[in-house]
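Numbers here are sequence positions counted from 1.
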Amino acid sequence: MYVLLTPQDSYFVEYLIGTLVLSSSIYEAMIFEDLDTAQNC
């Protein structure tokens with residue numbers, strides 16, 4: 001499983017209505033099942 005971490009140490013949560021949602025908590029991070037899906041986000 002994979003999560004996306006930004007260079008600012010924030011985790012990708014979701015992309016909602018044109019807005020990127022980030023969080024400092026790994027517990028809120030979106031989990032990807034495979035590397036290809038994570039890289040395409």
Side-chain angles (χ1 to χ4, degrees):
M1 296 205 179
Y2 301 88
V3 297
L4 299 179
L5 179 64
T6 70
Q8 294 79 25
D9 293 329
S10 295
Y11 294 95
F12 175 85
V13 176
E14 64 184 327
Y15 191 72
L16 182 63
I17 311 173
T19 303
L20 180 62
V21 180
L22 301 173
S23 174
S24 60
S25 172
I26 194 170
Y27 298 107
E28 295 181 45
M30 181 176 280
I31 298 171
F32 298 93
E33 295 294 324
D34 60 80
L35 184 59
D36 289 333
T37 303
Q39 288 178 330
N40 289 327
C41 279

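Residues passing the side chain to side chain contact (heavy atoms under 4.5 Å, CB included) test with L5 are D9, Y11, sequence neighbours excluded. Not counting sequence neighbours, the partners of Q39 by the side chain to side chain contact (heavy atoms under 4.5 Å, CB included) test are L35, D36. By the side-chain hydrogen bond (donor to acceptor under 3.5 Å, both in side chains) test, D34 is found to be paired with T37, residues two or more places apart in sequence or in another chain being considered.
Note: the hydrophobic cluster containing Y2 does not contain I31 (ILVMFWY, side chain heavy atoms under 4.5 Å, direct or indirect links).
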Expected list for residues 14-26: side-chain donor-acceptor pairs under 3.5 angstrom, two or more places apart:
| from | atom 1 | to | atom 2 | distance (Å) |
| --- | --- | --- | --- | --- |
| S23 | OG | S25 | N | 3.0 |
| S23 | OG | E28 | OE2 | 3.4 |
| S25 | OG | Y27 | N | 3.2 |

